Amino acid sequence: MRRPVARNLSLLAVSGALVAVGAAAPPSSTAAPGATPPPPKSPVAVGYGGAVSSVDPDASAAGIEVLRKGGNAVDAAVATAAALGVTEPYSAGIGGGGYFVYYDAKSGKVHTVDGRETAPASADSELFVEDGKPLPFDAAMTSGLSVGTPGTPATWDAALDAWGSRSLRQLLKPAERLAAQGFVVDDTFRAQTAANEERFADFPASAELFLPGGELPAVGSVFKNPDLADTYAELGRKGSRAIYHGKLAEEVVRTVNNPPVDPDSGREARSGDLTTADLAGYSVKRQAPSRSEYRGLDLYSMAPSSSGGTTVGEALNILERTDLSKASQEKYLHRYIEASRIAFADRGRWVGDPAFEDVPTKELLSQRFADSRECLIRDDKALTSPLAPGDPRDPKPCGTGDKAAPTTYEGENTTHLTASDQWGNVVAYTLTIESTGGSGITVPGRGFLLNNELTDFSFAPASPDVHDPNLPGPSKRPRSSMSPTIVLKDGRPVLALGSPGGATIITTVLQTLTGVVDRGLPLVDAIAAPRASQRNAAATELEPGLYDSELRKKLESLGHAFKENPEIGAATGVQRLPDGRWLAAAEKVRRGGGSARVVHPSS
């Protein structure tokens with residue numbers, strides 16, 4: 001039976017959140033002399049008039065500025081995303097794509113925009129095969145082959161046309177100003193630049209922008225991107241069509257097909273095969289969200305081409321039969337890990353771009369299928385991976401079918417933002433350029449990196465007798481794990497959240513949801529809790545807080561295998577409290593701490 005505990009969701013958050021309102025992540029840098037210091041960072045904020053939560057204080061401030069001027073949640077989300085393209089250029093930007101989930105307070109309905117990048121029309125299943133063998137990931141990543149047609153600008157247009165109240169030109173102004181005037185470099189930005197230093201140095205446009213004077217940007221210095229400011233101004237004048245038609249589109253195509261690599265670098269940057277027709281023919285998909293139920297709550301997220309909604313939903317359905325609120329920490333983590341393992345096994349076999357694959361979305365989210373898979377879980381012994389998938393079209397108790405399909409690598413440096421407004425509208429928006437630094441290739445004179453999103457495809461089938469729904473194809477969208485999620489109770493939003501992290505996005509969202517709903521954690525503490533991520537792999541990844549604990553030994557006695565991951569995800573969320581206030585929450589420590597803000601703070 002489903003347990004009706006959802007009525008406590010907001011109450012669980014209030015008691016702990018109000019205690020934590022004054023807490024803030026320690027500043028990671030000091031502004032350079034004469035520079036405008038970044039807005040203060042806090043992982044939690046409570047108040048009225050709407051909320052914004054992101055990983056970056058400048059980006060959250062851009063969204064709050066829009067809300068204070070009467071804009072709505074959609075307007076604020078676009079402004080925040082544009083600012084993230086300035087301050088988090090290795091995570092997101094107009095050279096990438098993403099998924100936008102929106103709750104409309106007037107109609108009470110949830111809508112989504114699939115702004116995933118697409119492969120060129122010429123792509124086939126051997127896009128990343130050379131001399132009969134799959135390319136090494138690094139060679140594919142830093143190349144024109146990896147670049148899909150960007151979807152972010154079209155996502156902004158689609159969302160604003162349908163639900164916005166401000167023009168794109170107005171909403172790009174804060175980001176345009178930020179790019180022109182600069183932002184203060186923190187430890188995270190410098191570290192991410194250092195991780196890409198070798199790649200960036202081989203592309204003159206990337207080196208000029210991100211390695212000024214041939215050096216890493218110093219913590220506390222001011223980083224400016226005047227080329228991006230000019231590009232945003234052009235998009236403001238012409239609309240997002242400017243990136244899909246005309247001069248800018250031609251520049252993107254030229255950069256992809258002839259990567260501007262330094263000839264003396266020795267780097268082989270393989271050419272892509274993108275055309276202006278690919279850009280001109282791109283369109284987002286307005287589609288129904290995935291929908292699942294858990295403990296009396298309705299969860300809405302992204303349907304395929306993302307696997308986020310189906311995989312989180314299936315795992316929650318598997319967990320539905322266990323009272324996690326009364327379980328020991330050991331049993332809770334054991335069950336959570338096993339549910340993740342099973343859901344990822346099914347994801348690998350069944351989820352791909354529905355324009356090319358017969359994806360049984362409804363069946364994957366059925367309680368009947370979840371029950372047929374839940375019976376695989378034993379409390380005294382861990383399952384082993386790779387676990388074979390079940391068949392959601394014909395569920396058999398404890399049944400498995402085909403051989404396991406591998407979990408493809410997905411870059412972890414995506415970003416997520418959440419926003420709400422005074423009218424009760426809510427946005428959960430995850431956007432990305434894939435790996436940290438994307439393809440590493442900057443469009444010369446334009447100030448933004450191109451994605452390497454096509455490496456989210458499987459490079460080759462796991463074996464000849466295994467169907468892989470995620471092989472490349474013409475104009476196909478690669479499978480994603482992005483899981484922007486909005487949770488309703490009795491038709492009204494109570495929680496929205498999401499995270500970056502590649503395939504760990506799914507487990508981060510799943511663990512955060514169960515932390516709040518089942519374990520009674522305030523949202524900010526559920527986000528901060530040490531994470532575990534099992535993705536149908538031989539070992540479950542653990543952050544140090546779990547890896548170094550006695551819990552690991554207890555779980556190992558059940559047969560679990562673990563490996564350490566220093567940091568998993570960087571979630572943000574917003575929550576509606578019973579008294580009508582908004583609570584915004586972000587990371588306390590990960591990525592230097594996030595930035596949660598509200599329009600009118602209250603104690």
Side-chain angles (χ1 to χ4, degrees), residues 29 32 35 84-96 136-147 150 175 178-232 234 243 247-248 250-272 274 411-413 415 432-453 455:
S29 63
L84 287 168
V86 179
T87 60
E88 296 278 313
Y90 311 143
S91 301
I94 56 175
F137 184 86
D138 287 348
M141 172 179 65
T142 310
S143 76
L145 281 175
S146 71
V147 182
L178 186 60
Q181 296 178 358
F183 63 92
V184 178
V185 172
D186 63 9
D187 295 307
T188 300
F189 186 84
R190 179 181 167 87
Q192 291 176 344
T193 309
N196 281 284
E197 185 174 9
E198 184 178 340
R199 289 203 301 158
F200 289 167
D202 292 344
F203 296 94
S206 297
E208 181 181 0
L209 176 58
F210 299 115
L211 301 170
E215 301 291 335
L216 293 171
V219 173
S221 65
V222 176
F223 186 90
K224 298 181 180 181
N225 191 341
D227 287 343
L228 183 57
D230 291 342
T231 302
Y232 276 165
E234 182 175 343
I243 206 167
K247 186 173 183 291
L248 179 51
E250 293 170 358
E251 292 173 18
V252 169
V253 167
R254 183 164 59 247
T255 304
V256 171
N257 296 344
N258 295 283
V261 65
D262 182 347
D264 296 329
S265 68
R267 180 181 292 276
E268 181 183 3
R270 290 165 173 80
S271 300
L274 196 68
E412 297 186 356
N413 220 46
T415 194
T432 185
I433 59 170
E434 173 58 355
S435 297
T436 306
S439 65
I441 304 170
T442 299
V443 180
R446 291 298 188 170
F448 66 91
L449 287 157
L450 291 169
N451 68 83
N452 66 300
E453 212 64 62
T455 59

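Index from 1, following the sequence. Bear in mind that the values here come from a model prediction, so they are computed numbers and not experimental data.
Put simply, CG on Leu178 and CG on Leu84 are 10.0 Å apart, with the number rounded to the nearest 0.5 Å. Note that CZ of Phe448 is 4.0 Å distant from CD1 of Ile243, once rounded to the nearest 0.5 Å.
In terms of the ring pair (Phe, Tyr, Trp, His ring centres under 6.0 Å) criterion, residue partners of Phe200 (sequence neighbours excluded) are, by chain and number, Tyr90, Phe210. For the side chain to side chain donor-acceptor pair (under 3.5 Å) test, residues two or more places apart in sequence or in another chain that qualify with Thr442 are Ser206. Partners of Glu234 according to the side chain to side chain donor-acceptor pair (under 3.5 Å) rule, which considers only residues two or more places apart in sequence or in another chain, are Lys238, Arg446. Remark: Phe203 engages no residue in a ring pair (Phe, Tyr, Trp, His ring centres under 6.0 Å) (not counting sequence neighbours). Residues satisfying the side chain to side chain contact (heavy atoms under 4.5 Å, CB included) test with Ala140, not counting sequence neighbours, are Phe128, Leu135, Thr455, Phe459. The side chain to side chain donor-acceptor pair (under 3.5 Å) check on Ser143 picks up nothing, with sequence neighbours excluded. A search for side chain to side chain donor-acceptor pair (under 3.5 Å) contacts involving Arg254 returns nothing, not counting sequence neighbours. In this structure, the side chain to side chain contact (heavy atoms under 4.5 Å, CB included) partners of Asn257, at least two apart in sequence or on a different chain, are Val253, Leu274. With sequence neighbours left out, Ser265 forms a side chain to side chain contact (heavy atoms under 4.5 Å, CB included) with Asp202, Val261, Asp262, Arg267.
Using modelled atom types, no side-chain atom of Asn451 and backbone atom of Gly438 make a donor-acceptor pair closer than 3.5 Å. One N or O on the side chain of Ser439 and one on the backbone of Leu450 form a donor-acceptor pair closer than 3.5 Å. Judged by distance alone, the side chain of Thr432 and the main-chain N or O of Glu434 form a donor-acceptor pair under 3.5 Å.
Counted within 6.0 Å of CD on Gln192, heavy atoms from surrounding residues, nucleotides or ligands total more than 12; the atom is thus considered enclosed.
When all heavy atoms of Glu251 and Pro444 are compared, the pair lying nearest together is OE1-O, 4.3 Å. The shortest heavy-atom contact between Phe189 and Val185 is CD2-CG1, 3.9 Å. Scanning all heavy atoms of the two residues, the minimum distance from Ala207 to Ala201 falls at CB-CA, 4.1 Å. The two residues Pro259 and Arg270 have their closest heavy-atom pair at CG-O, 3.6 Å.
The salt bridge (Lys or Arg N to Asp or Glu O under 4.0 Å) pairs that include a residue from residues 209-227 number zero, where partners must be two or more places apart or lie in different chains. Sorted pairs that involve residues 190-201 and meet salt bridge (Lys or Arg N to Asp or Glu O under 4.0 Å), not counting sequence neighbours, are lacking altogether.
At a threshold of 4.5 Å between non-hydrogen side-chain atoms, the residues Phe223 and Thr193 do not count as touching. At a threshold of 4.5 Å between non-hydrogen side-chain atoms, the residues Leu449 and Ile441 do not count as touching. Contact check for Ile94 versus Tyr232: side-chain heavy atoms found under the 4.5 Å cut-off.
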Candidate pair Thr142 and Asn452, rule side-chain contact (heavy atoms from CB on, under 4.5 Å), full reasoning: CA-CA 7 Å; Thr142 310; Asn452 66 300; over 6 Å; no
